[in-house]
Amino acid sequence: MYKVDIIDDSQLFAISLANTLKSISNNFTFGKIWQNAPEFLMYMKSKNATLPDLVLIDYRMPFLRGSHLSYILERDFPEIKKIGISADAEPDWVSEFLASGCMGFVDKGVHPKELQVAIENVLNGGLHTNIYVDEKKVLRYKKNGLLLDLPFNLTDNEYLYIQLCQSPLTNDAIASVLGIGKESLHKRQQKLFKQFNVKSRAELVSFAIAKKIIWIFRLVH
């Protein structure tokens, strides 16, 4: 029996979606709801983690967007299959999901039957095509490899660290989320402080927002 987890900061929607998953198919089962990407990733990188077979990932979430989470999962847990979800089917958002390893996208107003088909298609190793997703687009992304918009010659973990500096997580917790050592994270932090002439995480976030390296999570686009 396949297990499907949900990562969505809207408890009302996530609970409704979980109840839908429990009722629409005997081919998979609902696993757990996670309220944000860091919470999910910290669990995934713990010793006793049980990996889901597939995750449904909301786009607009605090600290890390859905496409950021999809990127990290594709990089660190490529065996986990991914479908992006959102109430707003913005073309750029869909593209971000596909570029970061999702094999489907469904909007939150979709009929439960289509959701069932999407999950089963992706669990079986396929692509779920609809008005948002077509094979040519996905093949183009696969050819180009995993993509993140990385200005200022940042590495992926440096960029994601800046994103996570908006959160209340300690540096040790952020290291766990990113799957890197504490000393390695400290060196990256010092490099960023020197590169951008800042002295604290708060200053780093303010600089990054001003330069549009990141977007403040409450207003994420």
Side-chain angles (χ1 to χ4, degrees), residues 5 7-9 32 34-55 57-82 84 96-102 141-142 144-218 220-221:
D5 279 10
I7 303 98
D8 193 315
D9 61 328
K32 188 173 179 179
W34 305 89
Q35 294 298 302
N36 57 64
E39 176 190 34
F40 175 63
L41 287 166
M42 287 182 72
Y43 168 76
M44 291 291 293
K45 296 184 178 184
S46 65
K47 292 181 180 179
N48 299 318
T50 301
L51 275 60
D53 298 288
L54 182 144
V55 288
I57 306 173
D58 185 32
Y59 183 84
R60 286 187 292 193
M61 293 189 291
F63 317 132
L64 291 177
R65 295 198 297 271
S67 55
H68 296 146
L69 173 57
S70 179
Y71 176 92
I72 294 171
L73 289 178
E74 187 69 13
R75 183 189 70 181
D76 299 346
F77 301 95
E79 66 272 32
I80 298 175
K81 302 182 187 305
K82 301 167 290 296
E96 284 182 37
F97 273 132
L98 299 178
S100 58
C102 286
Y141 286 127
K142 280 186 172 292
N144 292 333
L146 281 177
L147 298 175
L148 269 183
D149 183 13
L150 300 172
F152 291 89
N153 294 315
L154 296 171
T155 67
D156 57 354
N157 278 332
E158 289 168 352
Y159 170 79
L160 293 166
Y161 173 71
I162 298 172
Q163 288 281 350
L164 287 164
C165 280
Q166 299 179 85
S167 77
L169 294 175
T170 65
N171 275 357
D172 286 357
I174 292 175
S176 177
V177 168
L178 297 179
I180 60 177
K182 297 174 185 178
E183 283 299 317
S184 175
L185 183 74
H186 178 72
K187 290 178 181 178
R188 292 173 190 272
Q189 181 193 61
Q190 294 307 305
K191 172 181 175 289
L192 291 169
F193 282 6
K194 182 177 181 180
Q195 180 178 354
F196 298 130
N197 193 28
V198 299
K199 297 180 180 179
S200 69
R201 282 175 42 169
E203 288 184 14
L204 178 61
V205 168
S206 295
F207 176 88
I209 291 171
K211 296 296 183 180
K212 297 185 178 180
I213 298 171
I214 64 172
W215 299 80
I216 186 168
F217 79 83
R218 294 183 183 86
V220 67
H221 71 109

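By convention here, the first residue in the shown sequence is residue 1.
Scanning both residues, Ser100 and Ser70, for their nearest heavy atoms gives O-OG, 2.8 Å. Here the closest non-hydrogen pair linking Lys45 and Gly179 is NZ-N, 3.5 Å. Between Ile174 and Cys165, the shortest heavy-atom contact is CD1-N, 4.4 Å. Here the shortest heavy-atom pairing between Arg60 and Asp58 reads O-OD2, 3.1 Å. Contact detail for Ile80 and Pro52: the closest heavy-atom pair is CG1-O, 3.6 Å. When every heavy atom of Val177 is checked against every heavy atom of Pro38, the shortest pair comes out as CG2-O, 3.8 Å.
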Q: Given side chain to side chain contact (heavy atoms under 4.5 Å, CB included), test Lys182 with Leu185 step by step and report yes or no.
A: CA-CA 5 Å; Lys182 297 174 185 178; Leu185 183 74; 5.8 Å; no
Q | Chi angles and distances behind the side chain to side chain contact (heavy atoms under 4.5 Å, CB included) call for Met44, Leu51 | A | CA-CA 7 Å; Met44 291 291 293; Leu51 275 60; 3.5 Å; yes
Q | From CA spacing to verdict: side chain to side chain contact (heavy atoms under 4.5 Å, CB included), Gln189, Leu204 | A | CA-CA 9 Å; Gln189 181 193 61; Leu204 178 61; 5.8 Å; no
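Leu64 is not listed as a side-chain neighbour of Asn36, based on a closest heavy-atom distance of 4.5 Å or more. A 4.5 Å side-chain heavy-atom check between Glu158 and Leu150 finds every atom pair outside the cut-off.
For CD of Glu79, the number of neighbouring non-hydrogen atoms (other residues, nucleotides, ligands) closer than 6.0 Å is greater than 12. Within 6.0 Å of the NZ atom in Lys191, the count of heavy atoms belonging to other residues, nucleotides or ligands exceeds 12.
A donor-acceptor pair is defined here as one N or O able to donate and one able to accept, closer than 3.5 Å; such a pair exists between the side chain of Tyr43 and the backbone of Thr50. With Gln190 contributing its side chain and Lys187 its backbone, the two residues share no donor-acceptor pair below 3.5 Å. Side chain of Asp5 to main chain of Lys32: a donor-acceptor pair is present (N/O by atom type, distance under 3.5 Å, no hydrogens or angles).
Taking OH of Tyr161 as the start and CZ of Arg188 as the end, the distance is 11.5 Å to the nearest 0.5 Å. A distance of 5.5 Å separates CD1 of Ile162 from CD1 of Ile213, quoted to the nearest 0.5 Å. Rounding to the nearest 0.5 angstrom, the gap separating the CH2 atom in Trp34 from the CE atom in Met61 is 13.0 Å. The NZ atom of Lys82 sits 6.0 Å away from the CG atom of Leu73 when rounded to the nearest 0.5 Å. Distance check: Glu74 CD to Leu69 CG gives 11.5 Å after rounding to the nearest 0.5 Å. Taking OH from Tyr71 and OH from Tyr159, the interatomic distance works out to 11.0 Å, rounded to the nearest 0.5 Å.
Between Phe63 and His68, the distance from one ring center to the other does not fall under 6.0 angstrom.
Residues in residues 197-212 take part in these side-chain hydrogen bond (donor to acceptor under 3.5 Å, both in side chains) pairs, two or more places apart or across chains: Asn171-Arg201.
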